Chemist: 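For reference, the structure I am asking about is given below.
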Amino acid sequence: MASSHVNALQSKHAGLEAQLREEMNRPAPDAKTIQDLKKRKLRIKEELAAS
């Protein structure tokens, strides 16, 4: 059960990473969006480390 939770978190983290790369490659990236994505990634990373 725990491994499926870890897999889900890793999948979410990868999705956020993709969104972050996409936003940063835009001609005029939105700093607020980038900041929010980074915070969400960090929360997931912390949860993964605690698992």
Side-chain angles (χ1 to χ4, degrees):
M1 183 79 162
S3 64
S4 65
H5 181 66
V6 170
N7 289 340
L9 289 173
Q10 289 172 335
S11 178
K12 285 182 184 179
H13 190 272
L16 290 171
E17 178 64 31
Q19 285 181 294
L20 185 59
R21 274 196 311 269
E22 185 178 317
E23 183 65 32
M24 291 177 80
N25 287 329
R26 289 178 51 192
D30 181 23
K32 175 73 170 129
T33 300
I34 290 172
Q35 182 181 27
D36 290 343
L37 288 169
K38 286 183 176 182
K39 284 182 181 180
R40 289 170 56 195
K41 271 183 56 182
L42 182 58
R43 277 191 222 107
I44 290 173
K45 187 175 181 181
E46 289 171 346
E47 192 171 342
L48 279 168
S51 295

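All residue numbers in this chain count up from 1 along the given sequence. In this text, all values refer to a predicted model and were calculated from it rather than measured experimentally.
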Chemist: Roughly how far, to the nearest 0.5 Å, is CG of L37 from CG of D30?
Modeler: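 Answer rounded to 0.5 Å: 9.5 Å.
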Chemist: Rounded to the nearest 0.5 Å, how far apart are NZ of K12 and CG of L48?
Modeler: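 K12 atom NZ to L48 atom CG measures 10.5 Å (nearest 0.5 Å).
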Chemist: Are the charged groups of K32 and D36 less than 4.0 angstrom apart, N to O?
Modeler: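 Salt bridge between K32 and D36, a charged N being under 4.0 Å from a carboxylate O: yes.
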Chemist: With L42, which of K38, E46, K39 fulfils side chain to side chain contact (heavy atoms under 4.5 Å, CB included)?
Modeler: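 When side chain to side chain contact (heavy atoms under 4.5 Å, CB included) is applied between L42 and each of K38, E46, K39, only E46 qualifies.
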Chemist: Do other residues, nucleotides or ligands put more than 12 heavy atoms under 6.0 Å from K41 NZ?
Modeler: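 Counting other residues, nucleotides and ligands, NZ of K41 exceeds 12 neighbours.
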Chemist: What's the separation between atom CD in Q10 and atom CD in E17, rounded to the nearest 0.5 Å?
Modeler: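 Interatomic distance, Q10 CD to E17 CD, rounded to 0.5 Å: 13.5 Å.
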Chemist: Quick test of your reading of the model: are E23 and R26 salt-bridged, counting only N-O distances below 4.0 Å?
Modeler: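 Yes, this pair counts.
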Chemist: Has E22 got more than 12 heavy atoms of other residues, nucleotides or ligands less than 6.0 Å from its CD?
Modeler: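 Result for CD/E22: open.
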Chemist: Is R43 salt-bridged to E47, going by a charged N under 4.0 Å from an acidic O?
Modeler: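 E47 and R43: not salt-bridged.
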Chemist: Whether the side chain of T33 engages the backbone of P29 through a donor-acceptor N/O pair (distance < 3.5 Å, no angle test) should be reported.
Modeler: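 No, the answer is negative, given that no donor and acceptor are paired below the 3.5 Å cut-off.
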Chemist: Which atom pair, heavy atoms only, marks the closest approach of L16 to I44?
Modeler: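 Shortest heavy-atom contact: CD1-CD1, 3.5 Å.
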